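Have a look at the structure below before the remarks.
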Amino acid sequence: MFLKALNKIGFALVAVFLILTTWAYAQDDEIYGRRKSLKLEVKSEKMINVVDKPVVIEIVLRNMIDESLEIVEPAIDTNSFLIEITMPNGKKDKLLDIYGLKLKTIRLYPKKRLKFKTKFIPEITGPYDIEVRYNGFVEEKLEAEIVTVFVVNSSGE
């Protein structure tokens, strides 16, 4: 009798533990219900920019888990990063593809991040969509949310 009660209590505790851990992981990845180990974030220094002045984009790779990760050195290269800019007229442009680099594998330590900036100079006014993909992680390819920056004419025309 005592063993049956102990069995039921143990089963209930395991069930509660599984429910809580599944809920926590599902917060990070709704599709697969698992925690993402690497996160890609993209933002612009300013949301409203001026024609013929550099638009600065900040890209952050963040280790979200308590283990070190092996990643390909972040460089603006199709083997590592792909940064694609969609102009107001619908044309797409890749930001600085560098071929022939020997990209190294580096270690990203727990709860640390790699951050770098890049820039482009817009030629026409309107909204520019910036799409960033990171291909240098063995588990999966990461895509950041598309960032939109607006470019206006400085003379007010």
Side-chain angles (χ1 to χ4, degrees), residues 3-49 53-87 90-122 127-151:
L3 286 176
K4 278 187 173 182
L6 193 58
N7 237 357
K8 287 181 181 180
I9 291 172
F11 179 74
L13 288 174
V14 168
V16 168
F17 175 76
L18 288 174
I19 289 170
L20 289 176
T21 56
T22 303
W23 177 78
Y25 285 121
Q27 297 300 312
D28 291 329
D29 188 356
E30 294 176 13
I31 297 172
Y32 300 110
R34 61 184 169 86
R35 187 172 180 177
K36 287 193 176 252
S37 49
L38 191 64
K39 186 175 182 182
L40 178 64
E41 301 168 354
V42 178
K43 62 182 178 180
S44 174
E45 283 188 345
K46 296 186 279 182
M47 292 306 294
I48 299 177
N49 298 276
K53 300 271 171 100
V55 175
V56 179
I57 302 165
E58 186 176 291
I59 301 170
V60 177
L61 273 172
R62 189 180 308 269
N63 184 349
M64 304 296 288
I65 61 173
D66 293 326
E67 297 175 19
S68 295
L69 298 174
E70 298 288 325
I71 62 171
V72 173
E73 177 182 18
I76 302 173
D77 175 63
T78 54
N79 295 324
S80 182
F81 269 109
L82 178 64
I83 301 172
E84 192 171 74
I85 299 167
T86 305
M87 295 181 253
K91 292 184 181 176
K92 292 188 177 191
D93 194 15
K94 292 180 185 171
L95 188 61
L96 190 64
D97 288 331
I98 302 171
Y99 293 99
L101 289 178
K102 293 183 180 177
L103 300 174
K104 298 182 283 186
T105 300
I106 60 175
R107 182 175 299 268
L108 184 58
Y109 291 100
K111 305 296 181 182
K112 297 294 181 185
R113 65 186 179 161
L114 288 174
K115 176 178 158 181
F116 66 95
K117 294 181 180 183
T118 187
K119 60 186 171 183
F120 71 96
I121 299 175
Y128 284 74
D129 291 334
I130 302 163
E131 185 177 345
V132 178
R133 287 184 290 261
Y134 177 66
N135 305 316
F137 188 46
V138 292
E139 288 186 19
E140 60 188 277
K141 296 185 185 328
L142 300 174
E143 288 188 31
E145 288 187 32
I146 295 175
V147 173
T148 301
V149 295
F150 297 94
V151 176

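Keep in mind that this is a model prediction, so the values were computed, not measured.
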Next on the checklist: Determine whether a donor-acceptor pair (N or O, by modelled atom type, separation under 3.5 Å) exists between the side chain of Asn49 and the backbone of Val55.
Outcome noted: no

Checklist outcome for this item: Between Thr118 and the options Ile83, Val56, Ile130, the side-chain contact (heavy atoms from CB on, under 4.5 Å) test singles out Ile83

Checklist outcome for this item: Rounding to 0.5 Å, atoms NZ (Lys112) and CE (Met64) come to a distance of 14.0 Å

Next on the checklist: Tell me every residue that passes salt bridge (Lys or Arg N to Asp or Glu O under 4.0 Å) with Glu45, counting only those two or more places apart in sequence or in another chain.
Outcome noted: Lys117

Item to check | Worked check of side-chain contact (heavy atoms from CB on, under 4.5 Å) between Leu40 and Leu61 | outcome: CA-CA 5 Å; Leu40 178 64; Leu61 273 172; 3.9 Å; yes

Item to check | Salt bridge flag under 4.0 Å for residues Glu41 and Lys43 | outcome: no

Checklist outcome for this item: Separation between CD (Glu84) and CG (Asp129), nearest 0.5 Å, reads 10.5 Å

Next on the checklist: Rounded at 0.5 Å granularity, tell me how far CZ in Arg62 sits from CG in Leu69.
Outcome noted: 13.5 Å

Next on the checklist: Could you measure the distance from the CD1 atom of Ile85 to the NZ atom of Lys94? Nearest 0.5 Å is fine.
Outcome noted: 12.5 Å

Next on the checklist: Once side-chain hydrogen bond (donor to acceptor under 3.5 Å, both in side chains) is applied, do any residues pair with Glu145, and if so which ones, sequence neighbours excluded?
Outcome noted: none

Checklist entry - So, for Lys119 and Pro54, which heavy atoms are closest and what is the spacing to 0.1 Å? => result CD-CB, 3.9 Å

Next on the checklist: Under a 3.5 Å distance rule, please check whether Asn63 uses its side chain to pair with a backbone N or O of Tyr109 as donor and acceptor.
Outcome noted: yes

Checklist entry - Heavy atoms, side chains only, cut-off 4.5 Å: are Ile71 and Leu38 in contact? => result yes

Checklist entry - Can you list the residues that meet the salt bridge (Lys or Arg N to Asp or Glu O under 4.0 Å) rule with Lys53, with sequence neighbours excluded? => result none

Checklist entry - Would Val72 and Asn135 count as a side-chain contact (heavy atoms from CB on, under 4.5 Å) if you check the C-alpha gap in whole Å, the side-chain angles of each, and the deciding distance to 0.1 Å? => result CA-CA 8 Å; Val72 173; Asn135 305 316; over 6 Å; no

Checklist entry - Do Glu58 and Val60 have side-chain heavy atoms sitting under 4.5 Å apart? => result yes

Checklist entry - Does some side-chain heavy atom of Val149 sit less than 4.5 Å from a side-chain heavy atom of Lys46? => result no

Checklist entry - If we only count heavy atoms from C-beta on, is the Ile59 to Tyr134 side-chain gap below 4.5 Å? => result no

Checklist entry - Thinking salt bridges, do Glu131 and Arg133 make one under a 4.0 Å N-O criterion? => result yes

